[in-house]
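Beneath this line is the structure, given in structure tokens, with notes to follow.
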Amino acid sequence: METAWVIPALPFAGFLINGLWGRRLPKKFVGWIACGAMGLAFLAASRLLWILLQETPTGRFWEPVYYTWIRAGDFQVDVSFLIDPLSMVMILVVTGVGFLIHVYSIGYMHEDPGYPRYFAYLNLFASAMLLLVMANNLLVMFVGWEGVGLCSYLLIGFWYEKQSASDAGKKAFIVNRIGDFGFLLGIFLTFWTFGSLNFREIFEAALVRFPTGDAVVVGITLLLFVGAMGKSAQIPLYVWLPDAMEGPTPVSALIHAATMVTAGVYMVARCSVLYALAPFSMGFVAMIGCTTAVFAASIGLVQNDIKRVLAYSTVSQLGYMFLGCGVGAFVAGIFHLMTHAFFKALLFLGAGSVIHALSGEQDIQRMGGLRSKLPVTFATFVMGSLAIAGIFPFAGFFSKDEILFETLMSGHWVLYGLALGGAGLTAFYMFRLVFLTFFGESRMDPHAAHHVHEAPRTMAVPLMILAALSLTGGWVQIPGIEGGRVFGAFLDPVFHEASQLLGHHGGATHPPLWLEGALMGVSVAVALAGIFLAYGWYMKDPQRPVRAAQKFARAYRWLFHKYYVDEFYQATVVNPLKQAAESTHQWVDRRFIDGAVDGTGSAFRSLSAVVRRIQTGLVHHYALSVLAGACVLLLFVLAL
């Protein structure tokens with residue numbers, strides 16, 4: 001267990017090697033180093049899981065301490081990790097899915113001149129995320145938290161020569177700084193309250209010192225959740241994530257599936273004890289999550305950029321994860337995080353395969369008929385779409401259904417209805433994407449159509465593995481079968497205290513079987529209705545969406561322009577700040593600061609002009625000056 005540090009250290013070593021010497025190495029070696037680092041990290045994580053499973057459930061909590069980082073009076077922060085079932089799930093997701101994305105990138109980025117820089121950033125991204133999920137205290141977590149923020153800026157703006165890419169990178173960085181400010185305030189308030197930043201020490205003290213609903217705990221949890229809203233792209237800080245599509249497609253897969261956007265969900269689950277003590281904060285988390293899920297799904301209905309549709313689906317699915325955590329179903333939230341990593345990585349990499357085949361085309365209105373030309377991509381993409389739509393027996397069915405069930409069982413009828421409707425919207429827009437991309441007549445540019453080709457093996461194999469995981473990944477949590485909830489049993493010790501506080505130990509471990517079966521049928525029926533509706537609109541009657549857009553032109557414009565939220569922020573936040581900065585520049589910088597500096601220079605120039613007249617170079621002038629000075633001195637002495 002003392003060697004757990006190897007897991008984040010391996011991708012960091014890959015970052016150093018490719019970052020310092022990548023340009024001097026052959027491309028093949030660069031890819032091997034980056035992928036090898038992630039592969040070895042996954043093997044080390046698998047070994048760690050095996051060791052963890054040998055322990056009893058209550059003994060699966062290890063905190064290896066490596067050294068004292070900060071010591072000032074009573075304040076001490078160690079560089080140490082918390083290895084438990086929750087962090088183990090996250091470690092395996094980051095290293096496993098991250099490894100597949102690295103392998104896929106070898107084929108996707110092979111011709112890019114920034115190949116070594118790309119893999120260096122990718123390794124650093126994975127290393128920062130591993131540090132975040134393995135930390136045993138808030139400050140070490142914050143280092144990883146900021147690390148993934150930095151890497152997102154570097155990778156979203158990877159093609160920095162393109163203005164839209166550099167702008168998207170800056171947007172992601174700035175929006176996340178807003179959330180991180182709240183997160184940092186939460187850390188300060190936590191230390192001020194508990195005198196420690198260690199998770200287990202905080203939770204033990206909170207259980208003893210604070211009653212349920214205490215204002216201080218509510219304040220801490222709300223401030224921490226502000227950071228989660230930024231990292232995990234929830235209303236109102238979601239606007240950076242759709243623009244993050246400007247980066248290379250594998251980067252989108254890594255951000256959306258295995259790293260940055262899952263950080264907020266993980267943090268809320270990690271702090272489950274604090275949230276269980278703050279019912280108001282849990283309600284707020286559930287409300288924001290459900291609202292974001294439906295809001296983003298509605299926008300995805302009419303988007304035409306293949307990656308942007310998937311981006312809004314990520315925002316929506318993250319909302320479901322927060323909904324699960326907000327109603328106390330922390331296991332369900334993390335379960336959906338894991339299954340989402342499988343099918344969302346598959347969908348983004350499948351979209352990358354389509355874009356790669358069409359020489360960069362991303363508009364689904366200019367695709368069509370790709371099913372026969374890209375058979376592997378088509379088959380795996382459909383599997384990912386079935387998973388995210390929640391169709392049995394794919395992974396998304398089990399995880400999303402558990403969130404819906406727990407929402408209803410906790411008495412949140414309105415949230416359940418909205419989330420169920422959002423599930424129908426998800427099925428509709430995902431199969432709209434499938435039908436417009438792979439079915440019907442070709443609408444491709446003739447030049448692009450001539451060069452359509454299936455993905456190379458380095459891209460196809462990760463698609464197949466992720467497709468298999470999208471099918472089977474949910475089978476670790478099967479309701480109604482004795483011993484079927486393996487995933488929940490594994491995570492149960494982590495959420496034991498929170499479950500006791502919430503009064504439903506075990507969450508959905510023993511639900512009424514008939515009721516859960518009925519609700520499963522309802523959710524599948526809603527998803528199938530969305531799929532059949534998409535089929536009717538985009539396959540049987542392709543002109544129907546056009547007629548609907550004309551008939552409901554105002555609603556269509558609102559959806560197409562994403563409710564004008566970006567324009568609203570531009571008008572109310574960005575432009576006023578720009579004007580304030582320009583005014584500050586004109587009045588403070590130019591007139592006050594520059595005026596003071598320039599005025600000092602002018603004063604000394606004037607003084608030097610006067611003094612310079614004394615230095616004439618003529619002896620009799622100097623003699624007269626000495627005589628005048630002597631007379632003045634004599635008069636001064638006589639006056640005394």
Side-chain angles (χ1 to χ4, degrees), residues 1-15 32-55 57 59-66 79-105 119 122-136 140-141 143-145 147-148 151 199 253-255 257-260 262-263 265-267 269-270 334-335 337-342 344-345 395 462 465-466 468-469 472-473 476 486-487 489-491 493-494:
M1 196 52 56
E2 295 297 327
T3 59
W5 62 270
V6 169
I7 297 174
L10 282 166
F12 187 76
F15 156 71
W32 284 356
I33 290 167
C35 295
M38 287 303 298
L40 290 173
F42 177 69
L43 291 176
S46 301
R47 176 180 175 273
L48 197 61
L49 174 64
W50 175 255
I51 297 172
L52 194 72
L53 291 174
Q54 307 309 306
E55 299 287 338
R60 293 171 182 168
F61 295 89
W62 297 322
E63 292 189 80
V65 178
Y66 298 106
V79 173
S80 56
F81 294 151
L82 173 56
I83 308 300
D84 66 355
L86 177 58
S87 61
M88 203 68 250
V89 169
M90 297 299 299
I91 293 167
L92 289 169
V93 167
V94 174
T95 55
V97 177
F99 170 69
L100 295 174
I101 294 170
H102 276 67
V103 172
Y104 178 96
S105 298
F119 274 107
L122 218 61
N123 273 171
L124 182 61
F125 206 167
S127 180
M129 187 64 187
L130 288 167
L131 181 64
L132 188 158
V133 300
M134 294 174 71
N136 84 327
V140 174
M141 173 186 270
V143 174
W145 191 275
V148 294
C151 293
F199 288 122
L254 192 64
I255 290 175
T259 55
M260 183 169 170
T262 61
V265 179
Y266 168 76
M267 185 274 296
R270 172 58 71 195
I334 295 300
F335 183 35
L337 184 155
M338 182 187 75
T339 60
H340 177 264
F342 301 150
K344 186 48 61 69
I465 296 173
L466 288 167
L469 291 170
T472 63
V476 294
V486 177
F487 189 80
F490 181 64
L491 287 179
V494 178

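The structure displayed is predicted, hence computed values, not measured ones. These numbers come from the heavy atoms of this one structure, side chains and all, not from hydrogens, waters or symmetry mates.
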Checklist entry - Can any side-chain N or O of Tyr266 pair as donor or acceptor with the backbone N or O of Val133 at less than 3.5 Å? => result yes
When rounded to the nearest 0.5 Å, the distance separating CZ of Phe99 from CG of Leu92 is 14.0 Å
Is any side-chain heavy atom of Met134 closer than 4.5 Å to one of Val94?
no
query = Looking at side-chain heavy atoms only, is the closest gap between Trp62 and Ile51 below 4.5 Å?
reply = yes
CG (Leu131) and CD1 (Ile7) are apart, to the nearest 0.5 Å, by 12.0 Å
Gly473 and Thr339 have their tightest heavy-atom pair at O-CG2, 4.2 Å
Between the CE atom in Met338 and the CG atom in Leu491, the distance rounded to the nearest 0.5 Å is 9.0 Å
On a heavy-atom basis, the closest approach of Leu254 and Thr259 is O-OG1, 2.6 Å
Of Leu337, Leu132, Val93, the one forming a side-chain contact (heavy atoms from CB on, under 4.5 Å) with Thr262 is Leu337
Margin query: Can you classify the ring geometry of Phe81 versus Tyr66 as parallel (below 30°), tilted (30 to 60°) or perpendicular (above 60°)?
Written below: perpendicular
Heavy-atom side-chain contact between Met129 and Met90 under 4.5 Å | yes
Nearest heavy-atom approach of Ala395 to Leu469 is CB-O, 4.1 Å
The ring pair (Phe, Tyr, Trp, His ring centres under 6.0 Å) partners of Phe42 (sequence neighbours excluded) come to none
Quiz item: So, the side chain of Ser127 versus the backbone of Asn123: is there a donor-acceptor pair under 3.5 Å, distance only?
Solution: no
(request) For residues Trp5 and Val79, determine if any side-chain heavy atom of one lies less than 4.5 Å from a side-chain heavy atom of the other. (result) no
Are any non-hydrogen side-chain atoms of Leu122 and Met38 less than 4.5 angstrom apart? no
Heavy atoms of Gly14 and Ile33 approach each other most closely as CA-CG2, 4.1 Å
Rounded to the nearest 0.5 Å, the CG atom of Leu52 sits from the CZ atom of Phe490 at a distance of 5.0 Å
Scanning both residues in full, the closest heavy-atom pair of Val97 with Ala345 reads CG1-CB, 3.7 Å
A side-chain contact here means heavy atoms from C-beta on lying under 4.5 Å apart; do Pro493 and Arg60 qualify?
no
Distance col, row Thr95:OG1 vs Leu43:CG, nearest 0.5 angstrom, shows 9.0 Å
Legend entry - 4.5 Å side-chain heavy-atom contact, Phe125 and Ile255: yes
**Report entry** Contact check, side chains of Ser87 and Arg270, non-hydrogen atoms, under 4.5 Å
**Finding:** yes
For Ser80 and Pro64 the tightest heavy-atom approach is CB-O, 3.1 Å
### Derivation and outcome, side-chain contact (heavy atoms from CB on, under 4.5 Å), residues Val6 and Arg47
CA-CA 12 Å; Val6 169; Arg47 176 180 175 273; over 6 Å; no
Separation between CG (Asp84) and CG (Leu82), nearest 0.5 Å, reads 4.5 Å
